[in-house]
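Written out below as structure tokens is the structure these notes cover.
Counting from 1, the numbers follow the sequence of the chain as shown.
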Amino acid sequence: MAGRRTNLAILAVMAVALVTGGLTYAVGTGTGRWIALGHGAAGLALVLLVPWKSMIARRGLRRHRPGRWASVALAVLAVTAVASGVLFSTGLNLRYGPLNAMQVHVGSALLSVPLAVHHVWRRPQRLRTVDLDRRNLLRAGGLAGAAVVAWAAIEGATRALRLPGRRRRFTGSYERASFDPQAMPATSWIDDTAPDHDPSTWTLVAPAGRMALADLDAGDEVTAILDCTSGWWSEQRWSGIRLDTLLADAPGRSIVVKSATGYRRRLPRGDAAHLLLATRLGGEPLTAAHGAPARLVAPGRRGFWWVKWVEEIALDDRPWWWQSPFPTT
């Protein structure tokens, strides 16, 4: 495979891996299985391209080009992302000191992005008409097919060898403490910390006005899976009040759920019947670590949608997708 076409193939595969990785990180429903498959296959496609890329790399290292350090760093990060992803998905290694393997996988992939942009800027690869001819498209199809076969082989080996990864969810997450609220992990998004609220004086700002904690204990209950992006999931029973009851007929296209920490998420108004503002977990009042006095329960969505320490629920006319795909704080 010619050097230029190899570089183009790696660039395309990295783009697919980043896009599917972001979607896998965001999607919590069963439709995400195919996205996760595509992400895993894209990572393995990078491995399959290593023999051709290694020849290009050896020639480049002998030339002592400026900025060579960035290329070496990019290669190290790419290897780290793929290796940590495989080790996490099989369950062979789930932690690296204070970090879990999912954090290493995602972190190395994100760090590789600016280096990849720098690499492309310093060594631009122009797409030519011949790159899309029948022979090259067949090569691309062969690479994709081989990557899917490699993914299936690893999945099959994981099950045959009864490795821990056989029990993971399609998102890659591993089960932790289902129906055991006291043992369920308590994690927060980036820099969020649990605020101190007095349940007897706390109130929620809602479209109908301020509501006390007792007003939210309506007995509505849902059993749902909280799938955290740090690599674990837990199924629990949550109770409180459904958002369609809380919002009634108040006008607005989207629901804005705000935390006392400044964290917020916007959700479709049509999802109100499937969303719960929970005040209890497993029949007991929420603890501060799990979002007390009240937190959002959003079945089918990843953990960063489950807003903790809710202090306000509002409606407005902007669409729900008018926000960052992932919260920045």
With side chains defined as the heavy atoms from C-beta onward, is the minimum distance between [X] and [Y] less than 4.5 Å?
X      : Y      : answer
Trp238 : Leu286 : yes
Met14  : Ser112 : yes
His197 : Pro195 : yes
Trp34  : Val27  : no
Leu275 : Leu267 : yes
Arg302 : Thr171 : yes
Leu276 : Leu296 : no
Leu94  : Asn100 : no

(Q) Among Val257, Asp220, Leu204, exactly one meets side-chain contact (heavy atoms from CB on, under 4.5 Å) together with Leu277. Which residue is that? (A)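 Testing Leu277 for a side-chain contact (heavy atoms from CB on, under 4.5 Å) against Val257, Asp220, Leu204 leaves exactly one candidate, Leu204.
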First locate atom [atom1] of [X], then atom [atom2] of [Y], and finally report the distance between them rounded to the nearest 0.5 Å.
X      : Y      : atom1 : atom2 : value
Leu11  : His119 : CG    : NE2   : 9.0 Å
Leu44  : Leu143 : CG    : CG    : 10.5 Å
Leu110 : Leu18  : CG    : CG    : 7.5 Å
Asp271 : Ile255 : CG    : CD1   : 7.0 Å
Arg253 : Trp320 : CZ    : CH2   : 12.0 Å
Met102 : Cys228 : CE    : SG    : 9.5 Å

Closest non-hydrogen atom pair, [X] against [Y]:
X      : Y      : answer
Ser254 : Arg318 : OG-O, 2.7 Å
Pro299 : His274 : CD-O, 3.2 Å
Ala250 : Arg269 : O-NH1, 2.6 Å
Arg166 : Arg162 : NH1-O, 2.7 Å
Ala42  : Val16  : CB-CG1, 4.0 Å
Ala81  : Ala109 : CB-N, 4.2 Å

Determine whether [X] and [Y] fall in the same hydrophobic cluster, where Ile, Leu, Val, Met, Phe, Trp and Tyr are linked whenever their side-chain heavy atoms lie under 4.5 Å apart.
X      : Y      : result
Val222 : Leu243 : yes
Leu92  : Leu99  : yes
Leu163 : Leu87  : yes
Val104 : Val47  : no
Leu111 : Leu74  : yes

Treating [X] as the side-chain partner and [Y] as the backbone partner, does any N or O pair qualify as donor plus acceptor under 3.5 Å?
X      : Y      : value
Ser54  : Val50  : yes
Arg168 : Gly165 : yes
His39  : Gly21  : yes
Arg95  : Pro98  : yes
His105 : Ser84  : no
Ser239 : Glu221 : no
Glu155 : Thr158 : no
Arg280 : Gly283 : yes
Glu284 : Leu281 : no
Ser234 : Ala177 : yes

Q | Arg237, CZ: over 12 other non-hydrogen atoms inside 6.0 angstrom | A |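 No, CZ of Arg237 has 12 or fewer neighbouring heavy atoms, counting only those of other groups under 6.0 Å.
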Q: Assess whether atom CG of Asp196 is packed by more than 12 heavy atoms of other residues, nucleotides or ligands within 6.0 Å.
A: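 Atom CG in Asp196 is not crowded, with 12 or fewer foreign heavy atoms closer than 6.0 Å.
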**Q.** Sub-6.0 Å ring centroid separation between Tyr263 and Phe304
**A.**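 Not close enough - the centres of the two rings lie 6.0 Å or further apart.
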Q. Are Trp202 and Trp309 near enough that their ring centres are under 6.0 Å apart?
A.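 Centroid separation for Trp202 and Trp309: 6.0 Å or greater.
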Q.
With salt bridge (Lys or Arg N to Asp or Glu O under 4.0 Å) as the criterion, how do Arg301 and Asp227 come out once you've worked through the C-alpha distance, each side chain's angles and the decisive distance to 0.1 Å?
A. CA-CA 8 Å; Arg301 293 180 180 270; Asp227 192 334; over 6 Å; no
Q: List the steps and the verdict of side-chain contact (heavy atoms from CB on, under 4.5 Å) for Trp232 and Glu175.
A: CA-CA 6 Å; Trp232 59 268; Glu175 189 273 336; over 6 Å; no
Q. Taking the six-membered ring of Trp52, is NZ or CZ of Arg139 closer than 6.0 Å to its centre and within 45° of its axis?
A.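 Judged by the rule, Arg139 and Trp52 form no cation-pi pair.
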(Q) Does the structure place the NZ or CZ of Arg265 under 6.0 Å from the centre of the six-membered ring of Trp305, at an angle of no more than 45° from the ring's axis? (A)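 Relative to the ring axis of Trp305, which defines the angle, Arg265 lies inside both limits.
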**Q.** Trace of the side-chain contact (heavy atoms from CB on, under 4.5 Å) decision for Arg176 with Trp233
**A.** CA-CA 6 Å; Arg176 294 281 300 276; Trp233 66 268; over 6 Å; no
Q) Does the pair Asp133 and Asn136 meet the rule for a side-chain contact (heavy atoms from CB on, under 4.5 Å), with working shown? A) CA-CA 6 Å; Asp133 65 14; Asn136 287 323; 3.2 Å; yes
Q) Residues in salt bridge (charged side-chain N to carboxylate O under 4.0 Å, His left out) with Lys258, at least two apart? A)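 With sequence neighbours excluded, Lys258 shows a salt bridge (charged side-chain N to carboxylate O under 4.0 Å, His left out) to Glu312, given in chain and number order.
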Which pairs would a plain distance check flag for residues 206-215, meaning a side-chain donor or acceptor within less than 3.5 Å of a matching protein atom at least two apart in sequence or in another chain?
residue: Arg210; atom: NH1; partner: Thr203; partner atom: OG1; Å: 2.9
residue: Asp215; atom: OD2; partner: Ala212; partner atom: N; Å: 2.9

Q.
Assess the residue pair Phe179 and Thr223 against the criterion (side-chain contact (heavy atoms from CB on, under 4.5 Å)); give the C-alpha distance rounded to whole Å, side-chain angles, the decisive distance to 0.1 Å, and a yes or no.
A. CA-CA 9 Å; Phe179 302 109; Thr223 298; 3.9 Å; yes
